Amino acid sequence: MKLSDTQLETFRRDGLLILPGLFSAAEVEAIRTAMPPLFAEDSEANIAEKVGTVPRTIMGLHRRSALFDRLARHPRLVEPARQIAGPELYIQQVKVNVKAAFEGDAWQWHYDFATHHRDDGVPKPQALNLHILLDEVSHYNGPLYFIPGSHRHEPLPTFHDTASTSYPLWVVDRETVRELVAAGGIAPALGPPGTGLIFGDLMVHGSPGNMSPWDRAIFSLILNPVANAQTAFARPEHKHHTDFTPVAPLADDCLLEPAAAQ
Ligand code: SIN
Ligand code: MN
């Protein structure tokens, strides 16, 4: 799958590209079916919310599930990423952010490069975050909020927030967010299951808690150019994978026809 010139231009301008209907209902169902056994595993890569018992994020999924291994190499994710970030990309992170009904906690305002750079020594903000909505995402169940245009800044000042949630994160302060939003507004990423989303490492984003009765699971794949690989290795493997082999896209029907993956 190739992005059009218009889509590439939208991505460069806004820092964000929404791809409606990227995955079919049957494909989303296959992904969702693979999730409960992984949620149930006793794994350090399953990180619970600070309060309650539900998972916040389940990570390292391509190492834990054949289906997620194929999804991390899916051409509808890998080929657009290669168009934007170049041909040699490695799999940096593969997760589902769960944001469960009633209990899913917020993600503070941040941009991913702050954590990739400060924790993992990634030199440049070249990684891409590719999402698939796995539930209907509305204004009510904790959608991602993006600040369009925030990616056009040099890396903004951040501080390390280890207290607000169960997931330590380098976050952007309120005054900076106020200024960015005054310039770019806030764009929520809403849509039915199967919607795709691409954003870059400098895009400022976050999401509110989910007090609705509706779950909001999102699949997230981070791909990073091999030439921009991490130089620090303090974080566990599931937070930043250390196999820098370039990812090769599989066949388009690899999720529903696993034999086609070969
Ligand atoms: C993230 O920024 O990695 C998570 C945001 C979300 O799942 O709402
Ligand atoms: Mn993020």
Side-chain angles (χ1 to χ4, degrees), residues 15-18 31 35 39 45-50 54-61 72 77 91-120 122 125-148 150-151 155-156 158-162 164-172 176-177 180 186-191 193 195-212 214-224 235 238-241:
L16 170 73
L17 186 65
I18 296 182
I31 299 167
M35 285 161 37
F39 285 24
N46 287 1
I47 298 166
E49 294 287 9
K50 189 174 170 184
V54 294
R56 174 173 180 77
T57 180
I58 56 169
M59 309 184 79
L61 296 181
L77 300 174
I91 296 173
Q92 178 174 323
Q93 201 181 73
V94 184
K95 63 184 183 289
V96 169
N97 283 342
V98 180
K99 186 101 52 169
F102 296 113
E103 293 189 61
D105 205 353
W107 287 85
Q108 314 92 303
W109 288 112
H110 70 284
Y111 57 96
D112 296 342
F113 181 63
T115 297
H116 300 162
H117 184 63
R118 302 188 82 137
D119 288 352
D120 303 334
V122 170
Q126 296 173 339
L128 292 176
N129 202 329
L130 302 123
H131 281 190
I132 307 167
L133 308 188
L134 301 177
D135 288 300
E136 168 91 31
V137 178
S138 71
H139 284 287
Y140 307 110
N141 59 351
L144 271 138
Y145 292 161
F146 293 92
I147 307 180
S150 58
H151 65 298
L156 296 157
T158 54
F159 66 95
H160 202 210
D161 183 353
T162 56
S164 298
T165 77
S166 60
Y167 195 97
L169 202 61
W170 290 89
V171 305
V172 180
T176 305
V177 170
L180 292 170
I186 295 178
L190 311 177
T195 303
L197 198 69
I198 308 176
F199 59 97
D201 230 16
L202 290 176
M203 165 56 74
V204 177
H205 59 284
S207 58
N210 183 5
M211 64 190 291
S212 84
W214 304 298
D215 289 333
R216 189 234 67 174
I218 292 177
F219 172 75
S220 158
L221 166 68
I222 298 180
L223 298 176
N224 188 35
R235 293 208 300 169
H238 58 269
K239 290 195 173 173
H240 195 133
H241 293 285

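Ligands are counted one by one from 1 in listed order, and the atoms in each one are counted from 1 as well. In this text the structure is predicted, and so the values were computed from the model without any measurement. We use all heavy atoms of the structure for the numbers below, so side chains are in, but hydrogens, waters and symmetry mates are not.
Closest to atom 6 (C) of ligand 1 among all protein heavy atoms lies Trp107 CD1, 3.3 Å. In terms of protein heavy atoms, atom 4 (C) of ligand 1 is closest to Asn97 ND2, 3.0 Å. For atom 8 (O) of ligand 1, the nearest protein heavy atom (residue, atom name, distance) is Ser207 OG, 2.6 Å.
Distance alone, capped at 3.5 Å, is enough to place a donor-acceptor pair between the Lys99 side chain and the Asp105 backbone. Using modelled atom types, one side-chain atom of Asn210 and one backbone atom of Ser212 make a donor-acceptor pair closer than 3.5 Å. Gln93 places a side-chain N or O within donor-acceptor distance of the main-chain N or O of Lys239, the cut-off being under 3.5 Å. Side chain of His117 to backbone of Thr115: no donor-acceptor contact under 3.5 angstrom is found.
Side chains of Asp112 and Asn129: a donor on one and an acceptor on the other come within 3.5 Å. A donor-acceptor pair shorter than 3.5 Å cannot be found between the side chains of Thr165 and Lys50.
Between Asp112 and ligand 1, no N or O atom pair is found at a separation short of 3.5 Å. Between His205 and ligand 1, an N or O atom pair is found at a separation short of 3.5 Å. No N or O atom of Asn129 sits closer than 3.5 Å to an N or O atom of ligand 1.
Contact analysis puts Leu144 in contact with ligand 1, with a non-hydrogen atom separation below 4.0 angstrom.
Between His205 and Phe199, the ring center distance clears the sub-6.0 Å criterion.
To the nearest 10 degrees, the angle centred on the Mn ion (ligand 2) between OD1 in Asp112 and NE2 in His205 reads 100°.
For the side chain to side chain contact (heavy atoms under 4.5 Å, CB included) test with Leu130, the passing option among Leu17, Ile222, Leu221 is Leu221; the others fail.
The distance from ligand 1 to the heavy atoms of Arg216 drops below 4.0 Å at these ligand atoms: 6 (C), 7 (O), 8 (O). Each of the atoms 1 (C), 2 (O) of ligand 1 lies under 4.0 Å from some heavy atom of His110.
Residue contacts with ligand 1, taken as heavy atom pairs separated by less than 4.0 Å, do not involve Gln108 at all.
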